[in-house]
Amino acid sequence: MLQLQVLRQDPQKAKDKLGIKNFAEPQLVDQIIALDEERKKLQQDFDSNQAKVNSTSKEIGALMAKGQKEEAETKKQEVATLKVALQPISEKLDVVEKQLHDELVKLPNLPADIVPPGKTPAENIVVREGGSKPQLFAGAVPHWDLIKKYDIVDFETGAKITGSGFALFKGQGAKLQRALIQYFLDYNTAAGYTEYHPPFMVNEASAFGTGQLPDKEGQMYHMPEDKYYMIPTSEVPITNIYRDEIVKATDLPIKMTGYSPCFRREAGSFGKDVRGLNRVHQFEKVEVVQIVHPDKSFDVLDEMVLHIEKLLQSLELPYRILRLCGGDMGFASAITYDFEVYSAAQEKWLEVSSVSNFETYQSNRMKIRFKDDNGKTQLVHTLNGSSLALPRIIACLLENNQTSAGISLPAIVSKYTGFDKIS
RNA sequence: GGAGAGAUGGCAGAGCGGUCGAAUGCGGCGGUCUUGAAAACCGUUGAAGCGCAAGUUUCCGGGGGUUCGAAUCCCUCUCUCUCCGCCA
């Protein structure tokens, strides 16, 4: 969530920024500032009364020790009166604090200065492109046909076991997926990221910490019996490793990577975009997360973009990098770059990674702090990115590398699969 | 699933209902000493809110209660550990 001080300092700027994100209720900023003022007044009122209660109580103790019962009784009466007066103040304070929190949590992160305005993906900015689109032979087909032809992913049986949108990988398909996970993790750890294998379910506090709750509640699978959520990305458990901690400045940056399946209900999405591996309810993904000094986060963002770009280059896939416009960005993000790969048989770009700087939005929720050079406690910045989401990578690898005699895999991939051709 | 024990500051570990935001040790930071380091010694060292400041309020797993006063008593929830059972 946003830091109150940012809103207080320049409410108009905050509202303008929210406008770039197409946030519908900028007036919330004013409401929040008003609530905060009220909170302060109540707090002061409460404090002065409570101070009196405390000091009088101490006097009672002293009087009792001296055996001055009568005087003590008089003081007790005083305290009782004070407490009666305190009761409504304290109740009001609780209400206002809760209101303030509830409203503040509704505000998305403010976009960084270089985030372009815009409402739809059409307004995203292409930062750069790489690789070259392949020329497919005449009989080339989309991946949903290829997976059937080579019998490597079976959606029908997945639907039988679970439901629609759950893929059953098989044979060379299963091996390809496992190999890619292995490769991506190796690639990340070689760059200094520590590998984690997190729990695939999280509690409410964790889901709140990274911003999934309350904003994206409907997107997650939920186990009400135990109040757990299936993770929509390993960003959630991995970033929450440091929740409620004050880390040493010298430990920054903290670089973490992890593989996990990601579970998404994708409620309300349907149509041709969801065909095959384009959109599924469970997909595999390797994630990178960094916890950094606030002065460094934009440098680190560039570093992470480069890191993922090189990974895509090694896969020999045509890609492009987009800077998302305000309207297309996630709730908690201050700036996001999306990576898309070109799916040659579908003739469209598929998102395979999203790299974001959350600045203090997540750390303020999770209370991840560090001590700066002056010994003051400050919030860290958090960033994360996919490296990479598997199904769409697989879709592109299949489509772009298909030949009439099977699918030939890029060198780096075949090194991990142990075979260079799917046939 | 059954029985029991516990949850205190970065860690370990004390804490009679008032003088406890909390002993002590370790660790961290600063200093003395030293050519430098180690050792030793001295000092310092939790978080959050309000306030220019002095200061003040809140926090001893979460929530509730008893009391003039709760880290200390009661209830409840969560988590951890031990034993038994079950089990990949």
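Quick caveat: nothing in here was measured; it's all calculated off a predicted structure. Quick note on labels: first sequence line is chain A, next is B, and so on, each numbered from 1.
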For A:Lys40, which contact category applies under a 4.0 Å heavy-atom criterion: base, sugar-phosphate, or nothing?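 It contacts sugar-phosphate atoms only.
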| Base, sugar-phosphate, or nothing for A:Thr56, non-hydrogen atoms under 4.0 angstrom? | nothing
Check the phosphate of B:U58 against A:Gln50, side-chain N and O only, distance under 4.0 Å to OP1 or OP2. Yes or no?
yes
Result for 5'-nearest mapping on RNA chain B, choosing between A:Ile246 and A:Tyr228, is A:Ile246
Note: for A:Gln378 and A:Lys83 on RNA chain B, the residue whose nearest nucleotide lies more 5' is A:Gln378
* To do: Answer yes or no: side-chain N or O of A:Asn54 and base N or O of B:G69 forming a donor-acceptor pair under 3.5 Å.
  => no
Using 30° and 60° as the class limits, which term best fits the ring planes of A:Phe331 and A:Tyr361: parallel, tilted or perpendicular?
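Because their plane-to-plane angle is over 60°, the rings of A:Phe331 and A:Tyr361 count as perpendicular.
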In Watson-Crick or G-U wobble terms, with both distances under 3.5 Å, the base opposite B:C59 is B:G46
Within 45 degrees of the axis of the six-membered ring of A:Phe208 and under 6.0 Å from its centre: does A:Arg365 put its NZ or CZ there?
yes
I need the [atom1]-[atom2] distance between [X] and [N], as an integer number of Å.
| X | N | atom1 | atom2 | answer |
| --- | --- | --- | --- | --- |
| A:Ile60 | B:G18 | CD1 | C1' | 10 Å |
| A:Gln43 | B:U58 | CD | P | 9 Å |
| A:Lys58 | B:A70 | NZ | C1' | 14 Å |

[atom1] atoms of [N] and [M], separation to the nearest Å:
| N | M | atom1 | answer |
| --- | --- | --- | --- |
| B:A12 | B:G6 | C1' | 16 Å |
| B:C29 | B:C83 | P | 39 Å |
| B:A23 | B:G46 | C1' | 16 Å |
| B:U24 | B:U45 | C1' | 15 Å |

Residues A:Glu38 and A:Gln99: side-chain donor-acceptor under 3.5 angstrom
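A:Glu38 vs A:Gln99: no donor-acceptor pair found between side chains.
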Per side chain to side chain donor-acceptor pair (under 3.5 Å), A:Gln362 is matched among A:His381, A:Arg243, A:Glu235 by A:Glu235
